[in-house]
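Below: the structure, in structure tokens.
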2 protein chains.
Amino acid sequence: MQHTSFRTMPCPIARGLDRVGEWWSILILRDAFAGMTRFDAFQKSLGIAPAMLTKRLNALVENGLLAKHRYSDKPPRDEYRLTPRGEDFRPVLIAMLAWGNRHFTPEGVRVQIVDAATGEAADPVIVDRNTGRPIAAPDYVLAPGPAASDAMRTRLAHPSTLLEQRA
Amino acid sequence: MQHTSFRTMPCPIARGLDRVGEWWSILILRDAFAGMTRFDAFQKSLGIAPAMLTKRLNALVENGLLAKHRYSDKPPRDEYRLTPRGEDFRPVLIAMLAWGNRHFTPEGVRVQIVDAATGEAADPVIVDRNTGRPIAAPDYVLAPGPAASDAMRTRLAHPSTLLEQRA
DNA sequence: CAGTATCCTGTCCGATACTG
DNA sequence: CAGTATCGGACAGGATACTG
């Protein structure tokens with residue numbers, strides 16, 4: 001196998017990664033958020049080989065991030081639209097964009113998020129909806145959830161002695 | 001080439017992806033955030049082949065997300081610690097975790113972020129630091145930044161007609 | 001416009017064995 | 001404990017050509 005499947009791992013990050021971990025997937029989603037729906041538009045935008053685009057698009061559909069919508073019957077034509085699950089991926093993209101802008105744009109910011117009303121550049125921060133406080137160490141920590149296994153509990157309790165991730 | 005290099009693309013998401021896009025990189029960072037620093041701990045936690053771990057670790061070091069710190073001279077021993085740039089990746093991880101928990105944990109939440117003070121589960125949202133409002137469509141949109149090329153400007157102005165991503 | 005069909009290469013990754 | 005050394009397989013991805 002090329003890489004071990006992350007689908008069955010207990011970690012939600014690993015499970016998510018399993019759906020969008022290929023190089024192109026996230027870039028396709030980015031374009032989808034920018035309003036693209038057509039095969040041709042994706043293909044030209046990304047400079048990706050058509051066969052590979054078909055594969056990635058189908059994977060995204062199978063994983064429930066995109067859905068095909070027929071917009072013409074003769075000839076049969078489908079477009080790819082974000083599903084609610086795909087839409088819900090937006091925060092990840094925003095966080096990635098902000099991180100990329102902070103660290104990898106020496107020539108200055110080329111793409112940013114702006115307040116649609118004012119045109120002002122947004123400064124994305126991740127906060128706890130309950131308290132409004134930024135989720136940063138050491139105020140917030142990882143902890144076992146309701147469905148955590150015992151192994152996961154002890155692992156999160158003693159991160160430095162982690163031994164069996166797969167347990 | 002296996003995949004086109006994203007390093008020189010104008011998009012900050014692509015540039016970031018170029019640094020953390022391999023399957024294992026993000027999982028290594030996750031463990032680093034959980035407090036891991038040692039080769040052996042990563043290796044056992046991830047079940048990754050040692051040679052591959054070396055590669056991924058070195059790549060993260062080269063890209064400035066991790067730094068080696070010598071903690072023993074005889075024998076020479078290094079540990080891997082998050083740099084500021086690596087620390088700054090945390091919001092992306094949190095967003096991924098939240099998304100994964102919302103969509104791929106049918107058995108219930110196993111890992112979550114909690115308020116360290118109260119133990120209460122956090123509900124991560126991405127907001128604009130300036131206004132405090134959640135960054136969601138259609139309130140916030142992508143827009144060209146100060147250093148945007150003309151091509152990028154027209155592209156963001158007419159997303160549906162995107163033609164030359166690489167311009 | 002929206003793909004399918006082929007062929008090919010690079011490398012990600014696993015498995016295993018070995019070292020200071 | 002922290003890696004290095006090899007081997008081999010699977011597949012992501014590129015390039016190109018072709019179709020309704």
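Just so it is clear: chains get the letters A, B, ... in the order the sequence lines come, proteins before strands, and each one is counted from 1. Computed from a predicted structure; not experimentally measured.
Here B:Leu29 contributes atom CG and B:Arg90 contributes atom CZ; the two are 11.5 Å apart, rounded to the nearest 0.5 Å.
Separating the CG atom of B:Leu57 from the P atom of D:dC1 is a distance of 16 Å, rounded to the nearest angstrom. Going from atom NE2 of B:His69 over to atom P of D:dA2 covers 15 Å, rounded to whole Å. Counting to the nearest Å, the P atom of D:dG13 and the CD1 atom of A:Ile26 are 12 Å from each other. The distance between atom NZ of B:Lys44 and atom C1' of D:dC1, rounded to the nearest whole Å, is 8 Å. Spacing between atom CZ of A:Arg56 and atom P of D:dG14 amounts to 11 Å, rounded to whole angstrom units. Taking atom CD1 of residue A:Ile48 and atom P of nucleotide C:dT4, one finds them 13 Å apart after rounding to whole Å. Regarding B:Leu27, its CG atom lies at a distance of 16 Å from the C1' atom of C:dG14, rounded to whole Å. Protein atom CG of B:Leu53 is 16 Å distant from nucleotide atom P of D:dA5, rounded to whole Å.
Panel note: side chain A:Trp99, backbone B:Arg85; a donor-acceptor pair is recorded below 3.5 Å. A distance-only check finds a donor-acceptor pair linking the side chain of A:Thr83 to the backbone of A:Gly64 [under 3.5 Å].
Pair assignment for D:dA2: C:dT19, on the basis of Watson-Crick or G-U wobble contacts that are both within less than 3.5 Å. With a cut-off of 3.5 Å on both pairing distances, the Watson-Crick or G-U wobble partner of D:dG9 is C:dC12.
Taking side-chain N and O atoms only, B:Thr54 has a distance below 4.0 Å to OP1 or OP2 of D:dT4. Between B:Trp23 and C:dG14, a side-chain N or O to OP1/OP2 separation shorter than 4.0 Å is absent. Listed pair B:Arg38 / D:dC1 fails the phosphate criterion, with no side-chain N or O lying under 4.0 Å from OP1 or OP2. For C:dG3, the OP1/OP2 oxygens have a side-chain nitrogen or oxygen of A:Tyr80 closer than 4.0 Å. Between B:Thr4 and D:dG13, a side-chain N or O to OP1/OP2 separation shorter than 4.0 Å is absent.
When every heavy atom of B:Pro10 is checked against every heavy atom of B:Met152, the shortest pair comes out as CB-CE, 3.5 Å.
Within the cation-pi definition used here (under 6.0 Å to the ring centroid, within 45° of the axis), B:Arg38 qualifies as a partner of B:Tyr71.
Among the nucleotides D:dA2, D:dC1, C:dC13, the one closest to any side-chain atom of B:Phe39 is D:dA2. For A:Glu22, the side-chain atoms get nearest to D:dG13 when compared with the rest of C:dC13, C:dT6, D:dG13. In the set D:dA12, D:dG14, D:dT4, D:dG14 carries the atom at the smallest distance from any side-chain atom of A:Trp24. The side chain of B:Asp40 approaches D:dA2 more closely than any other nucleotide in the set C:dC13, D:dG13, D:dA2. Of the listed nucleotides (C:dC1, C:dC12, D:dG14), C:dC12 has the atom at the smallest distance from the side chain of B:Met52.
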For this session: Please lay out, stage by stage, how B:Leu60 and B:Tyr80 fare under the test side-chain contact (heavy atoms from CB on, under 4.5 Å).
Result: CA-CA 10 Å; B:Leu60 288 170; B:Tyr80 298 85; over 6 Å; no
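In terms of position along DNA chain C, the nucleotide closest to B:Lys55 lies nearer the 5' end than the nucleotide closest to the other residue of the pair B:Lys55 and B:Pro50. Of the two residues near DNA chain D, A:Ala49 and A:Arg77, the one whose nearest nucleotide lies more 5' is A:Ala49.
At a threshold of 4.0 angstrom between heavy atoms, the contacts of A:Tyr71 are confined to the sugar-phosphate backbone, with no base atom among them.
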